[in-house]
Amino acid sequence: MKPLWLLIIPVLALAGCGPSEKSLTLFEDATESSGLAAYEGMTHGVAWGDYDGDGRPDLYVTNHLKPAMLFRNLGAGRFENVTALVLGENNTGGDKHGAAWADFNNDGKLDLVQLTGAIKGVGVEPKRLYLNEGGKLVERAVQLGVDNPPGRTRMPLWLDIDLDGKLDLFQGAEARFDTLTPPFLFTQHAGRFVDMTASLPLESRSAPFCIVTALNDDRFPEVVCRLMGKGRPNQIFDTRSQPAHTLDLLPKTAFDDIAAGDFDNDGKMDLFLARKNPGGRIALAQNGEKTVTAQLELKPQDAGKPTGFRFKSKGVVGFTIAGQHEGELAPSDIRFGNRSAIPGALVFELGPDSAPGMPQAPANARQAVLIGNPESGVWQIEMVLRPEAFAGKKAARNLAVRIHSTMPVEGVESLDGAATDETAPQRLFMNRDGKLVDESEKRGVNMRPVAAANTVAGDFDNDMDLDIFVLGSGDAGKTENLFLLNDGKGNFNVVRQAGGASGSLFGVGDSVTSADVDGDGCLDLLTASGASMGRNLGLPSDNGRYQLFRNLCNNGNHWLMIDLVGTKSNRDGIGARVTVTAGGITQTRIQDGGVHERGQNHSRLHFGLGNNLRAERVFVQWPSGSTQEISNSDANKLILIKETP
């Protein structure tokens, strides 16, 4: 048996007490006052974009299998739900995954792509592309050629892969469960999109997301993709040639999300890989003093092996038990106590020591959930599946259990080592003249172990260097978030309680995104905790929610924000390299559209200026190859740079 505290408590125990941790409060929870607090349930990332052109970032949330919502930014950190007015209620359902804003038709208004699944991996569901027409988002995917019904799509990416001034669309996807291989990449020609997947020769049928960045000094973007399945777990493309060719820059390192940025201000883009380990046959999360969530995943080779967990509690214990899909589990599949009693529903309560002993699985049962008190004050839950339960299929069977006691829950542990440590070393690869060198340990990114679900980089304290925020989560539930503060040289220190954004433990970690939602020049954070894919679909994510962490912006540091408008280049300027020089320090950003796994940060470029009252030089290298320079830009302003013809 492996105690739960060995698996997840180190992350919590170190909070607030590590000798190298910084005590700094940067954020406060502003969810209640924002208008975003009402939602509870599944999520699948968010997308920030100014759809109405008023200069404030608005918010689109997909909510996965629940209706999507669009929130208009009213200013001062407040939002209004305008879904029915702008999208219409008929456009918000389905099996929705990632989404991203971009002005793909260069008309000055942001459009929205919404990717969808493929109905259990073997069906069809059209993807959606909403054109911004007079403030309404009107669905036009079929007419534009990107509906891709069989695509089991995940996260989109807008990029100009052929540098013709028109944005192309990558639809990240996982492999179907049949032999079909739907397209990944659509390039834009004569106002429509055509399948040009051959331009990006992926080495896997599963590439759920990619990002665009610049790992060398030319104007051709690099594309970094996460791959799944056997073989290479990542692939980097150099787009100077068509089809793009693969760069052998990363070792065989799996990751859950990636943040690209110049962490040491040497003008080169570095890569931070956020990582976690899978949770084994059972994943456990203690969501509070009296609540535990367990997620069991059994494969055909596990048939007949009891898998489960135990805990101590003296209170009345409430059980909620669910299969991954509706109808997979019935009350008759559950037995408790040595009398093998059957509950009346999948949600029930048992008093202290009311189920003495352990029941036996019925001889003819394909599946059974066994609950009992093997000793006084101790509860044990096991799941047993016989080979027939898999019906000859290779897919895993999942069971989720949430227990809530009227008294504290202690001593949570898995049976027979079925749970594994989900924390994993984070990886920081520094760009050394086009070569990516692993400097993770010397840079301090692993001072606190974490199971990372998602990440974002930004200068959150406006001191002229990029910090890193990591969303923490195991497979069965949220853990404390991690904030890594840059010392100005690319070395990082853990900030106690994530600088005020340690986050709740509701749901399962999904995404974190950044945007200056209130226009004060400091980057705020939005986290989502209803991750609902794979083994955590259903019960573990059904109490997920959004949390908005407002940046207190309280250190007096200055800032500069930049919006780009391309003319020869794509209007969003995706692929542009921008440098800002102030006080002898030059910072570099790539306009990447804000896209990463499951989320889109607001794409407005943000630079901290420290105590400098102006930026002596702003330099833009456009995707078209043209360059532009602006001198002596005053601090604490948003400036718009339009590409000169």
Side-chain angles (χ1 to χ4, degrees), residues 4-18 21-22 26-27 29 43 45-46 254-259 272-279 283-288 291-293 295 419-428 440 444-458 460 467-485 492-514 525-533 535-536 540-541 543-549 596-599:
L4 178 61
W5 63 267
L6 285 176
L7 301 176
I8 65 172
I9 298 303
V11 177
L12 303 178
L14 285 172
C17 63
E21 292 184 357
K22 299 289 185 182
L26 282 175
F27 305 101
D29 190 338
T43 60
V46 308
F255 54 88
D256 285 72
D257 194 13
I258 188 167
F272 175 78
L273 306 187
R275 307 173 65 244
K276 66 184 290 293
N277 287 319
L284 297 166
Q286 191 144 8
N287 314 109
T291 304
V292 171
T293 301
Q295 210 292 331
T420 60
D421 186 355
E422 297 183 58
T423 64
Q426 311 307 299
R427 307 291 293 274
L428 179 59
S440 311
V445 297
N446 287 310
M447 291 298 293
R448 181 192 295 171
V450 64
N454 211 245
T455 190
V456 66
F460 294 102
D467 312 303
I468 299 171
F469 188 90
V470 178
L471 184 78
S473 186
D475 279 347
K478 272 285 283 116
T479 56
E480 184 179 344
N481 301 324
L482 175 68
F483 182 55
L484 297 170
L485 187 70
F492 293 89
N493 292 287
V494 174
V495 178
R496 195 167 298 165
Q497 297 179 346
S502 56
S504 73
L505 298 182
F506 293 109
V508 179
D510 178 27
S511 71
V512 57
T513 51
S514 63
L525 293 165
L526 181 77
T527 64
S529 65
S532 47
M533 293 291 291
R535 65 185 292 167
N536 52 36
S541 62
N543 65 348
R545 56 204 66 189
Y546 299 100
Q547 277 191 283
L548 178 64
F549 295 101
H596 58 112
E597 169 67 324
R598 292 178 179 246

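Nothing here was measured: the structure is a model prediction, and the numbers come from that model. In what follows, every heavy atom counts, from backbone to side chain, and hydrogens, waters and symmetry copies are set aside.
A distance-only check finds no donor-acceptor pair linking the side chain of Asp256 to the backbone of Ala453 [under 3.5 Å]. Using a distance-only test at 3.5 Å, with no hydrogens or angles considered, a donor-acceptor pair links the side chain of His596 to the main chain of Val512. When atom types are taken as modelled, the side chain of Asp467 and the backbone of Phe460 share a donor-acceptor pair closer than 3.5 angstrom. Formation of a donor-acceptor pair under 3.5 Å by the Asn454 side chain with backbone atoms of Leu471 is not found in this model. In this structure, Lys22 contributes its side chain and Arg496 its backbone to no donor-acceptor pair below 3.5 Å. Judged by distance alone, the side chain of Ser529 and the main-chain N or O of Arg545 form a donor-acceptor pair under 3.5 Å. The backbone N or O of Arg535 lies less than 3.5 Å from a partner atom in the side chain of Gln295, making a donor-acceptor pair. Between the side chain of Asn277 and the main chain of Thr423, a donor-acceptor pair closer than 3.5 Å is present. The closest donor-acceptor contact from the side chain of Ser541 to the backbone of Ser532 lies at 3.5 Å or more, if one exists at all.
Smallest separation of non-hydrogen atoms from Thr479 and Ala451: OG1-O, 4.5 Å. Taking both residues in full, the closest heavy atoms of Phe27 and Ala501 are given as CD1-CB, 3.9 Å, listed atom of the first, atom of the second, then distance. Looking at every heavy atom in both residues, Val456 comes nearest to Ser514 through CG2-OG, 3.7 Å. The two residues Ala452 and Ala274 come nearest to each other via the heavy atoms CB-CB, 3.7 Å. For Gly472 against Val450, the heavy-atom pair with the smallest separation is CA-CG2, 4.2 Å.
Separating the NZ atom in Lys478 from the CG atom in Asn287 is a distance of 11.0 Å, to the nearest 0.5 Å. The CE atom of Met533 sits 10.0 Å away from the CG atom of Asp510 when rounded to the nearest 0.5 Å. With rounding to the nearest 0.5 Å, the separation of CZ in Arg448 from CD in Gln426 is 12.0 Å. Note that CG of Leu548 and CG of Leu525 are 8.5 Å apart. Values are rounded to the nearest 0.5 Å. From Ser440, atom OG reaches atom CZ of Phe272 across 8.5 Å, with rounding to the nearest 0.5 Å. In this structure, OG1 in Thr291 is found 10.5 Å from CG in Leu505, a value given to the nearest 0.5 Å.
Qualifying side-chain hydrogen bond (donor to acceptor under 3.5 Å, both in side chains) partners for Asn446, counting only residues two or more places apart in sequence or in other chains: Glu441. By the ring pair (Phe, Tyr, Trp, His ring centres under 6.0 Å) test, Phe549 is found to be paired with no residue, residues two or more places apart in sequence or in another chain being considered.
The existence of a salt bridge linking Asp257 and Arg598 is excluded, since no basic side-chain nitrogen approaches an acidic carboxylate oxygen closer than 4.0 Å.
With contacts defined as side-chain heavy-atom distances shorter than 4.5 Å, the pair Met447/Leu484 does not qualify.
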Inset, instruction - Please lay out, stage by stage, how Leu26 and Val495 fare under the test side-chain contact (heavy atoms from CB on, under 4.5 Å). - result: CA-CA 10 Å; Leu26 282 175; Val495 178; over 6 Å; no

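Between Phe483 and Phe469, the two ring planes are tilted [angle within 30° to 60°].
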